[in-house]
Number of protein chains: 2
Amino acid sequence: MRLADLPTPALVLDRAALLRNLCMMAESVSRHGVTLRPHLKTAKSIDVAMLAAPGFGPITVSTLAEAQYLAEAGFRDQIYAVGIVPAKLDAVAALNAKGADVKVITDDLDTARAVAAHPGHVRALIEVDVGEGRGGVRPDDASLPAIAAALGPRLAGVLTHAGHSYAGRSVEEIRAVAELERAGIVRAAERLRAAGHEVGIVSMGSSPTALHAASLAGVTEVRAGVYMFGDLMQVELHTQPLDDVAVSVLASVIGRKPAQNRILIDAGALALSKDRGTQTMAKDYGFGLVVDLAGRPVFGDAIVTRAYQEHGVVECDRPLPFDALPVGARVRVLPNHSCLTAAAYERYHVVEGASDQVVAVWPRVNHW
Amino acid sequence: MRLADLPTPALVLDRAALLRNLCMMAESVSRHGVTLRPHLKTAKSIDVAMLAAPGFGPITVSTLAEAQYLAEAGFRDQIYAVGIVPAKLDAVAALNAKGADVKVITDDLDTARAVAAHPGHVRALIEVDVGEGRGGVRPDDASLPAIAAALGPRLAGVLTHAGHSYAGRSVEEIRAVAELERAGIVRAAERLRAAGHEVGIVSMGSSPTALHAASLAGVTEVRAGVYMFGDLMQVELHTQPLDDVAVSVLASVIGRKPAQNRILIDAGALALSKDRGTQTMAKDYGFGLVVDLAGRPVFGDAIVTRAYQEHGVVECDRPLPFDALPVGARVRVLPNHSCLTAAAYERYHVVEGASDQVVAVWPRVNHW
């Protein structure tokens with residue numbers, strides 16, 4: 001099977017780029033002597049998990065569907081890193097009863113009591129907010145020891161995510177956020193230890209801070225997910241070069257407007273997602289950057305400027321080579337945000353570098 | 001099964017609202033004496049298709065997956081309304097060989113030749129651009145008769161979509177676009193008839209123009225899809241009241257920030273989509289409007305202001321009732337754009353009005 005023969009749109013994964021990205025993160029984290037707990041929210045794939053967390057190493061998941069799918073594949077040690085609700089504890093305990101060790105997170109006192117009271121085996125980390133302002137209690141918040149006390153022996157540790165690292169516009173800015181993240185989560189752990197609690201896991205992470213942190217002192221593990229595939233946002237965040245964006249959408253030209261220097265492709269809002277993550281970055285890629293079938297950026301700044309449900313409008317800063325782009329010609333689109341783009345597909349068509357030979361088809365676990 | 005028992009996030013469809021929307025469109029179109037060819041791109045559901053196009057009436061589809069799924073369910077007369085590429089003709093012809101009559105569309109001379117030369121049974125409509133500037137040739141373009149001549153007896157008609165009706169900010173503005181759409185597609189049909197071609201189908205449509213057109217003279221059918229479910233964009237476009245938005249996302253509260261008058265829910269970018277369709281409309285609903293479990297807008301302007309992969313941040317113009325919103329409490333979110341939101345789910349949980357009893361589960365056909 002070749003990319004030229006696949007129905008479009010389809011999701012392409014360059015395994016060579018994936019391996020480079022995994023290697024880069026593994027080297028970066030191992031310099032600090034901490035554990036890498038890869039986040040499978042982006043890949044949602046057993047095949048990718050086997051490479052990112054070899055030997056069924058610790059992983060992070062974002063849905064119960066991922067937790068179950070990966071537990072059945074042998075990944076015991078998981079953190080389900082979205083604030084838990086009591087109604088989901090039965091499902092977690094059921095996985096743990098079958099041999100998994102899926103830990104949950106909470107920043108809520110009543111939920112901590114529900115975790116402590118659950119008849120099954122469930123442990124929780126306390127979610128800490130180091131400045132993003134999404135979930136979590138502040139490291140110095142009065143509720144932190146109360147939540148730990150409510151969890152009692154079911155306290156597994158503390159966890160934070162410096163999502164505001166995505167606002168960083170230079171390595172220096174990201175490094176500063178990483179230090180706030182590290183200091184904040186270590187501060188939370190120290191407060192709890194001073195109050196007599198055992199804090200096994202001190203977990204921080206986002207792809208930018210995991211890569212750029214100057215120090216991870218006091219942290220036991222870092223989590224990161226999107227680094228595996230990368231995307232145009234990560235390129236803008238200086239976490240990877242454009243060549244290492246590992247996922248792309250295979251699309252066909254379905255219309256041509258030479259007078260407007262514009263083509264239509266069959267990858268629109270459903271195939272690419274409507275994520276506009278690069279809108280506020282140094283370079284705005286619209287809904288994605290159009291490259292050739294081999295993944296090479298040969299068209300200049302050919303970007304998807306409009307995304308209808310099934311139509312993408314491609315415009316370019318230089319004349320498009322219309323002779324090479326008849327209706328039916330194939331291109332690939334690098335996404336702004338690979339987590340959202342990949343979620344539109346049930347499987348990856350795996351290639352190696354610029355070869356158009358599909359060497360494997362890897363399934364994904366979507367939904368919840 | 002009750003909404004209170006479903007794992008979240010989940011997609012809810014209010015059948016009573018759906019039926020009101022179907023009735024409204026059927027009445028509106030039948031006044032003009034033309035055929036309604038509902039577009040299943042939004043619903044992607046056999047159960048909805050049976051209601052929207054009763055008696056296996058003519059339908060429109062946006063993917064080969066929909067075409068196949070609905071053909072197997074008995075919907076023979078289809079238009080696949082995304083510009084065709086030659087590589088997809090075999091799949092269309094295979095459906096038609098099994099009894100379907102799936103017609104394709106093109107605005108490209110070489111593709112028209114490929115349709116004419118295909119050994120199977122495939123007919124095409126010529127896509128006409130009445131001002132949106134997406135796909136299609138202009139009604140007066142010199143290429144129009146050439147494409148018709150290339151199709152020869154495989155010409156099934158002409159088709160247009162006034163997607164720019166979505167830029168209308170009043171019924172009058174939408175009505176003006178509808179008249180341009182009608183006049184443009186009729187002009188294209190008349191040119192081809194004058195050149196000796198038989199033009200069986202003269203098809204126009206979008207939900208706003210189908211509802212608001214003052215005249216459909218010369219048109220044989222209208223297409224519309226999103227009207228079935230509606231969404232916040234349609235409310236802003238005056239095609240339906242808020243009460244008739246038929247789809248919503250069931251979500252759980254996963255975090256609370258009373259000091260910031262903010263809650264977190266487990267419906268984020270994947271559960272809602274990142275569509276920001278109301279951003280440029282009179283009222284900006286962020287990523288969706290939060291209503292209660294019964295679908296009632298009881299929280300004022302509680303909207304999802306930020307959408308992370310699995311987290312939605314809800315903020316409100318008045319104090320949120322935190323006593324009624326503990327972690328685990330359920331709310332529903334009305335979407336900006338139901339086509340994109342529904343695409344994140346494999347099935348509908350069907351309710352009737354404000355009842356939380358799930359009366360049916362209807363599958364969807366996603367992907368391509």
Side-chain angles (χ1 to χ4, degrees), chain A residues 5 7-10 41-42 62-64 81-88 91 106-108 110-111 114 127 133-136 163 252-257 260 262 264 266 268-271 273-277 306 308-311 313 326-329 337 339-340 343-346 366-368, chain B residues 5 7-10 41-42 62-64 81-88 91 106-108 110-111 114 127 133-136 163 252-257 260 262 264 266 268-271 273-277 306 308-311 313 326-329 337 339-340 343-346 366-368:
Chain A
D5 303 324
T8 55
K41 74 187 176 83
T42 312
S62 67
T63 64
L64 283 175
V82 177
I84 198 72
V85 294
K88 292 179 183 172
T106 188
D107 64 359
D108 181 70
D110 288 337
T111 306
E127 187 176 10
R134 188 174 75 179
S252 295
V253 175
I254 61 169
R256 296 146 46 85
K257 301 268 185 186
Q260 286 96 42
R262 186 191 295 160
L264 272 184
D266 62 357
L270 288 185
S273 96
K274 290 202 83 164
D275 196 282
R276 289 283 288 109
R306 280 180 281 162
Y308 303 88
Q309 184 165 344
E310 296 293 347
H311 301 74
V313 174
V327 167
H337 187 174
C339 309
L340 295 193
Y345 300 87
E346 293 180 292
N366 290 313
H367 315 296
W368 297 272
Chain B
D5 304 324
T8 55
K41 74 189 177 82
T42 312
S62 68
T63 64
L64 282 176
V82 177
I84 197 72
V85 294
K88 292 179 183 172
T106 188
D107 65 358
D108 181 69
D110 287 337
T111 306
E127 186 176 10
R134 186 174 76 180
S252 296
V253 174
I254 60 169
R256 296 146 45 84
K257 301 269 184 186
Q260 286 97 43
R262 187 192 294 161
L264 271 184
D266 62 356
L270 287 186
S273 95
K274 289 204 83 163
D275 195 283
R276 289 281 290 107
R306 279 179 281 161
Y308 303 89
Q309 184 164 345
E310 296 294 345
H311 301 74
V313 174
V327 168
H337 187 175
C339 309
L340 294 194
Y345 300 88
E346 293 179 293
N366 290 313
H367 313 296
W368 296 273

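Throughout, a chain's letter reflects where its sequence line sits, starting with A, and its residues are numbered from 1. What's counted below: heavy atoms across the whole structure, side chains too, no hydrogens, waters or symmetry copies. Because the structure is predicted, anything quoted here is derived from the model rather than measured.
- In terms of heavy-atom pairs under 4.5 Å with chain A, the best-connected choice from B:P326, B:A344, B:A10 is B:A344.
- Note that NZ of B:K41 and CG of A:L270 are 9.0 Å apart. Values are rounded to the nearest 0.5 Å.
- Looking only at heavy-atom pairs under 4.5 Å with chain B, the residue among A:K274, A:R256, A:H337 that has the most is A:K274.
- Within the model, atoms CZ of B:R276 and CZ of A:R276 stand 12.0 Å from one another, a figure rounded to the nearest 0.5 Å.
- Interface residue A:I84: only backbone heavy atoms are found under 4.5 Å from chain B.
- Contact annotation for B:L264: only side-chain heavy atoms (C-beta onward) come within less than 4.5 Å of a heavy atom of chain A.
- Proximity to chain A (any heavy atom under 4.5 Å) is restricted, for B:R262, to the side chain, taken from C-beta onward.
- If you measure heavy-atom distances from B:S62 to chain A, the contacts under 4.5 Å come from both the backbone and the side chain.
- With a 4.5 angstrom heavy-atom cutoff, B:A271 touches chain A via backbone and side-chain atoms both.
- The contact between A:R306 and chain B is made entirely by side chain atoms (from C-beta outward), counting heavy-atom distances below 4.5 Å.
- With hydrogens and angles disregarded, a donor-acceptor distance shorter than 3.5 Å links the side chain of A:K257 to the backbone of B:G136.
- Contact count versus chain B (heavy atoms, under 4.5 Å) is highest, among A:V313, A:D5, A:D107, A:L340, for A:L340.
- Taking every heavy atom of both residues into account, B:V85 and A:S252 meet most closely at CG1-CB, 4.0 Å.
- Contact count versus chain A (heavy atoms, under 4.5 Å) is highest, among B:H367, B:R134, B:Q309, for B:R134.
- Using a 4.5 Å cut-off between heavy atoms, B:D266 touches chain A through its side chain atoms alone.
- Counting heavy atoms from C-beta outward, B:W368 and A:P9 have side chains that approach closer than 4.5 Å.
- Counting heavy-atom pairs closer than 4.5 Å to chain A, the top residue among B:T111, B:T63, B:D275, B:T8 is B:D275.
- At a threshold of 4.5 Å between non-hydrogen side-chain atoms, the residues A:I254 and B:V82 count as touching.
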